[in-house]
Amino acid sequence: MATSISELHQAHAYMLKTGLFQQPFAASRLMTAAASSSIDSLSYAHTIFTQTPQPNTYMYNTLIRGYATSPTPNVALFLFLKLLCDDQDLLPDKYTYTFVLKACASLCRVKHGKQIHGCVIKNGLSWDVYICNTLLHMYAKCGCFEAARHMLDRMPNRDVVSWNAVLSVYVEMGLVDLAFDFFSEMPVKNLESWNFMLSGYANSGLLDEARRVFDEMSVKDVVSWNALITGYANSGRYNEVLELFDDMQRARVKPDNHTLVTLLSACAGIGALEQGKWVHAYMDRNGIEANGFLATALVDMYSKCGCIEKAVEVFDSASRKDVSTWNAMITGFSVHGFGEQALKVFSEMVENGFKPNDVTFVSLLSACSRAGLLFESHEIFDNMFSIYGIKPKIEHYGCLVDLLGRFGLLKEAEELVEKMPQKDVLIIWESLLSACRNHGNVELAEHIAGKLLELNPQDNAGYVQLSNIHASKGRWSDVVDIRRKMREKLVSKKPGGSVIEVNGVVHEFLAGEGMI
DNA sequence: ACGTTGACCT
């Protein structure tokens with residue numbers, strides 16, 4: 001089996017030279033290899049398809065399946081139409097329908113799905129449980145739960161997958177209550193059914209319910225453990241994540257890459273360096289390579305735990321990086337205050353042919369902001385859209401406003417905020433307001449605080465900052481006035497907190513709390 | 001020769 005595009009090219013060239021390519025079976029094999037290899041070679045498979053004089057249904061199926069699970073499932077629909085119209089002597093078979101229906105589901109195109117359902121009935125394929133299950137999933141995915149239910153109730157040969165196909169959509173949409181009603185009603189359940197229900201609760205942050213389902217399960221696999229652990233991790237309950245991982249090991253369930261990624265992000269979240277190192281050592285012991293997701297998670301963990309050197313080490317030795325891996329490294333340098341290094345990694349990233357995304361630019365701009373790289377930040381902000389086609393979002397404006405504010409370029413910052421899309425500008429005004437405070441610019445501060453309170457009278461930052469500015473200028477009566485307004489609206493400041501790891505134990509303390 | 005339902009990183 002070919003694993004790289006160059007191997008595919010070699011095979012293709014050989015087949016053209018020997019005339020093997022003219023044989024439909026051989027051509028199909030090559031195309032299948034291209035469409036299903038892990039590398040992004042779907043377009044290459046499409047090229048082979050186009051060059052084949054008389055593609056058969058199998059080749060159509062292979063390509064439709066490839067596109068159905070790609071980011072552009074509409075091409076699968078197009079190919080299905082081409083099969084119906086262009087090739088009169090070819091007909092879709094039962095496989096074609098499962099693939100094209102999958103495309104309808106991911107596109108939420110219920111109209112097309114219904115038409116294809118009609119074809120299925122016309123061609124006498126209504127008995128096929130695979131097709132019916134895909135239809136069920138399609139109707140549910142498009143929000144047509146009544147249609148799905150109607151079909152499910154009338155299906156003579158429904159099985160556990162039929163029920164799961166609908167349940168999975170309830171869960172995916174976060175409709176946990178409906179999911180649970182449906183789940184309770186299911187006459188047959190398998191491990192997947194339980195895992196769906198469990199991850200439904202876990203993803204909605206309903207950890208007690210998730211836990212209850214988990215404890216009720218007679219059989220659990222690594223997916224079950226991962227679902228629960230991920231739920232705790234997403235709720236920021238990192239200490240419990242580490243406890244659950246201990247339980248998992250005691251239950252002798254072997255962690256997989258997903259487990260380790262979640263574990264590392266938990267370590268990163270609480271700065272648990274020792275546990276993070278343990279995960280890294282575990283990977284080494286078990287021959288698990290630090291690539292892709294795991295490399296990203298390790299880089300992130302080491303840099304959040306303060307070990308930028310270790311982060312660099314992992315990054316440099318990762319043979320397979322993706323955009324997120326690069327982003328994690330840039331963020332790492334950024335938060336450690338190494339602005340120039342962050343920019344250097346960015347140019348390497350581009351040189352290596354990676355396409356930066358909006359996260360990349362948040363990291364870059366905040367690197368500039370922290371390191372005070374004013375000139376560079378303007379250049380990056382401008383290139384972001386003109387070269388890379390990424391529209392600046394609130395975060396990007398925020399970084400720039402922050403930087404301008406730090407340099408005391410308050411007028412410029414204000415002009416930038418005025419140019420922003422109106423939605424969500426509150427936080428940016430807050431950032432600028434604190435810059436005004438640092439530079440003692442009372443006039444602009446009052447102007448901004450006024451805007452802020454007008455936009456959101458509940459906003460505590462506006463009150464707090466404005467009162468601080470008055471306080472710094474000795475305007476005590478204004479301070480008292482604002483504090484009284486705050487009490488009236490019951491606005492209060494949430495206490496700040498921090499975490500630190502000492503000897504492998506993570507401690508949390510709140511601002512104003514004693515150390516001992 | 002092909003098919004239905006699964007959780008993870010910035």
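Lettering follows sequence order; numbering is per chain, from 1.
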A:Asp128-A:Asn157 side chain donor-acceptor pair, cut-off 3.5 Å: no
Of A:Tyr170, A:Phe182, A:Tyr139, the residue whose pairing with A:Phe145 passes ring-ring contact (aromatic ring centres under 6.0 Å, His included): A:Tyr170
Touch check for [X], heavy atoms < 4.0 angstrom, all strands: base, sugar-phosphate only, or nothing?
{"X": "A:Asp358", "value": "nothing"}
{"X": "A:Thr230", "value": "sugar-phosphate"}
{"X": "A:Asp93", "value": "base"}
{"X": "A:Asn61", "value": "base"}
{"X": "A:Asp256", "value": "base"}
{"X": "A:Phe99", "value": "base"}
{"X": "A:Asp128", "value": "base"}
{"X": "A:Ile131", "value": "base"}

Neighbour count above 12 (heavy atom, 6.0 Å) for A:Arg154 CZ: no
Aromatic ring proximity, centroids under 6.0 angstrom, A:Trp278 and A:Phe245: yes
Value rounded to 0.5 Å, distance of NE2 in A:His396 from OG in A:Ser377: 13.0 Å
Over-ring placement of A:Lys355 relative to A:Tyr388, 6.0 Å and 45° cut-offs: no
DNA chain B: 5'-most and 3'-most nucleotides touching chain A, 4.0 angstrom heavy-atom criterion: B:dA1 to B:dT10
